[in-house]
Visitor: 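Can you keep this structure in mind? I'll have questions shortly.
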Amino acid sequence: MKAERRPLPWQPVLPVPPWPRQRPRVSFIVCTRDRLGVLELCIGSIRAACRAHPGFAAELVVVDNGSSDGTAEYLSRIAATFDIALTAIREPRPGLAAARNAGLARARGRVLVFVDDDCRLDRNYLVDLERHYASGEKWLIRGGRVEIGDARDLPFTIKRCEERQRLTPAVHPGGFVLGCNMTMHRDVAARIGPFDERLGAGGALRSAEDTDYLVRAMLAGMAVEYVPDMTIFHHHGRRDRKSIDRLHRDYHFGNGALCLKHLRRAPWLLRHFYWAMRSAMRELIGGPRFDQELRLSHWPIVLMNLAGAAKFMALVLARRPDRQPQPAQETTEAKAEAGAR
């Protein structure tokens with residue numbers, strides 16, 4: 001006799017809404033907070049991509065993470081006439097990871113696509129997505145190309161590599177696949193579990209909730225792949241050096257926490273810290289910066305890695321409870337974190 005399938009411990013039992021009979025092949029998950037202007041354009045691009053590929057059943061899940069700019073009213077207004085199944089969720093717990101988890105719990109598609117609210121899809125996005133997933137390979141996380149959406153924005157948080165690549169320990173996972181254009185089969189998300197809500201924008205550790213997910217996938221024996229199509233255009237709006245420098249520091253604060261969190265099972269992350277330290281020392285005697293075009297130094301990487309690791313250790317020692325329920329059995333993530341205690 002087959003055991004009864006039960007919902008994941010972190011996934012609520014949902015009521016039966018009036019869903020269409022056809023289960024969507026893809027769920028677009030968009031998390032937003034007080035950015036109605038860019039959200040409207042993001043949703044418009046998703047709608048255009050779905051219209052360009054009408055045979056592909058899709059749904060849109062929008063998670064409102066506490067907006068006060070009319071986002072909830074806008075979503076309510078368009079839901080009745082939207083030509084794609086649209087689910088609007090209000091997630092009051094602050095933080096991108098909490099919002100992503102709320103979207104995961106409600107998404108019904110076989111393939112999940114995370115898109116940031118300040119991004120717009122290429123019209124042929126679904127054509128590329130379908131081609132890549134037609135191979136039947138399921139146990140991987142796949143990310144696509146991220147281009148600058150506005151030429152006035154500085155070239156940061158983009159990914160323009162022209163070759164298909166798979167992540168190895170020789171490459172730092174940060175930025176290999178960007179969370180603003182990240183896809184996976186729903187079974188992958190079920191196996192890896194929820195995003196770590198201490199990480200990510202709005203969390204105690206500021207960033208790296210997507211990078212953490214990539215590391216956890218690798219530790220579970222899954223591939224992480226970048227493809228040079230599946231393109232989105234990132235309208236991040238950062239046009240001055242100060243805003244880029246702040247984001248640069250936040251990214252590496254989260255990466256330092258990530259390194260300590262996975263110290264036992266992914267010691268290869270330490271190798272990247274060593275390389276950053278070595279490059280920082282060389283920079284003192286005229287060596288190249290981390291990014292010559294944006295004049296970003298290696299030193300914030302080193303210092304913020306150390307600060308992030310210290311913050312993570314403080315959270316562990318304080319035994320700060322996670323905001324999401326934990327599975328009854330110890331997960332891959334819990335085992336990895338035990339190595340940092």
Visitor: Determine whether the side chains of His262 and Asp212 contain a donor N or O and an acceptor N or O closer than 3.5 Å.
Guide: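 Yes, because at least one side-chain N or O of His262 sits under 3.5 Å from a partner of the opposite role on Asp212.
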Visitor: Under the side chain to side chain contact (heavy atoms under 4.5 Å, CB included) criterion, do Arg145 and Ile232 qualify, and how do the steps go?
Guide: CA-CA 6 Å; Arg145 189 183 190 94; Ile232 64 117; over 6 Å; no
Visitor: State whether the side chain of Arg123 and the backbone N or O of Ser45 hold a donor-acceptor pair below 3.5 Å, judged by distance alone.
Guide: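 No, because the side chain of Arg123 does not come within donor-acceptor range (under 3.5 Å) of the backbone of Ser45.
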Visitor: I'd like to know whether Asn181 forms a side chain to side chain contact (heavy atoms under 4.5 Å, CB included) with Phe114, so could you lay out the CA-CA distance, the side-chain angles of the two residues, the decisive distance to 0.1 Å, and finally the verdict.
Guide: CA-CA 6 Å; Asn181 187 9; Phe114 289 94; over 6 Å; no
Visitor: Report yes or no: is the cationic atom of Arg120 (NZ for Lys, CZ for Arg) closer than 6.0 Å to the six-membered ring centre of Phe233, at no more than 45° off its axis?
Guide: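 Judged by the rule, Arg120 and Phe233 form no cation-pi pair.
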Visitor: How about Asp122 and Thr231: does a side-chain donor come under 3.5 Å of a side-chain acceptor?
Guide: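 Judged by distance alone, the side chains do not pair up.
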Visitor: Taking the six-membered ring for Trp, are the ring centroids of Tyr125 and His53 within less than 6.0 Å of each other?
Guide: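 Aromatic pair excluded; centres sit 6.0 Å or further apart.
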Visitor: Assigning hydrophobic clusters by single linkage (Ile, Leu, Val, Met, Phe, Trp, Tyr; side-chain heavy-atom cutoff under 4.5 Å), is Val224 placed with Leu269?
Guide: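 They do share one cluster, since a chain of ILVMFWY contacts under 4.5 Å joins Val224 to Leu269.
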Visitor: Below 4.0 angstrom, N of the basic side chain to O of the carboxylate: do Arg51 and Asp83 qualify?
Guide: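 Looking at Arg51 and Asp83, the cut-off is met.
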Visitor: Looking only at side-chain N and O atoms, does Asp291 offer a donor or acceptor that is under 3.5 Å from a partner on His248?
Guide: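 Result is no, nothing qualifies.
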Visitor: Do the charged groups of Arg131 and Asp128 touch, with an N to O distance under 4.0 Å?
Guide: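 Yes, charged N to carboxylate O under 4.0 Å.
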Visitor: So for atom CD, which belongs to Glu293, do other residues, nucleotides or ligands contribute more than 12 heavy atoms lying within a distance under 6.0 Å?
Guide: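 No - once you tally the heavy atoms of other residues, nucleotides and ligands closer than 6.0 Å, there are 12 at most.
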Visitor: Checking Ile148 against His236 for the side chain to side chain contact (heavy atoms under 4.5 Å, CB included) test, could you report, in this order, the C-alpha distance in whole Å, the side-chain angles of both residues, the deciding distance, and whether it holds?
Guide: CA-CA 8 Å; Ile148 278 288; His236 60 70; 3.5 Å; yes
Visitor: Per the side chain to side chain donor-acceptor pair (under 3.5 Å) rule, which among His298, Arg278, Arg289 passes with Glu283?
Guide: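 It is His298; the other options fail the test.
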Visitor: May I ask you to decide if Ala170's main-chain N or O and Thr168's side chain share a donor-acceptor pair within less than 3.5 Å?
Guide: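 Flag set: sc Thr168 to bb Ala170 pair under 3.5 Å.
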Visitor: Grouping I, L, V, M, F, W and Y whenever their side-chain heavy atoms are under 4.5 Å apart, do Leu121 and Val127 come out in a common cluster?
Guide: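 No, Leu121 does not connect to Val127 through the hydrophobic network.
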Visitor: Does Asp150 pair with Arg152 as a salt bridge, N-O distance under 4.0 Å?
Guide: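 Salt bridge flag = yes for Arg152 with Asp150.
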Visitor: Relative to each other, are the rings of Phe195 and Tyr213 parallel, tilted or perpendicular (30° and 60° limits)?
Guide: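 If you compare the ring of Phe195 with that of Tyr213, the planes turn out parallel.
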Visitor: Decide, yes or no, whether a salt bridge links Glu209 with Arg198 under the criterion of side-chain N to carboxylate O below 4.0 Å.
Guide: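 The answer is no: the pair does not qualify as a salt bridge.
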Visitor: Please state whether the rings of Phe156 and Tyr251 are parallel, tilted or perpendicular, taking 30° and 60° as the class boundaries.
Guide: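 If you compare the ring of Phe156 with that of Tyr251, the planes turn out parallel.
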Visitor: So, Asp116 and His234: side-chain donor and acceptor under 3.5 Å apart, yes or no?
Guide: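 No, His234 and Asp116 have no side-chain donor paired with an acceptor closer than 3.5 Å.
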Visitor: I'd like to know if Arg33 and Asp64 make a salt bridge, using a cut-off of under 4.0 Å between side-chain N and carboxylate O.
Guide: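 So Arg33 does not pair with Asp64 through a salt bridge.
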Visitor: Ring of Tyr133, cation from Arg142 - is the NZ or CZ under 6.0 Å from the centre and inside 45° of the axis?
Guide: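 The answer is yes; both the distance and angle limits are met.
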Visitor: Strictly below 4.0 Å, N to O, side chains only: are Asp196 and Lys261 in salt-bridge contact?
Guide: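 Result for this pair is yes, salt bridge flagged.
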Visitor: Check the pair Cys31 / Val63 against side chain to side chain contact (heavy atoms under 4.5 Å, CB included), numbers first and verdict last.
Guide: CA-CA 5 Å; Cys31 303; Val63 184; 4.2 Å; yes
Visitor: Should the pair Lys159 and Phe176 be classed as cation-pi, given the thresholds of under 6.0 Å to the six-membered ring centre and 45° from the axis?
Guide: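 Lys159 over Phe176 ring: yes.
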Visitor: Does a salt bridge link Asp153 with Arg239, judged by any charged N lying under 4.0 Å from a carboxylate O?
Guide: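 Salt bridge between Asp153 and Arg239, a charged N being under 4.0 Å from a carboxylate O: yes.
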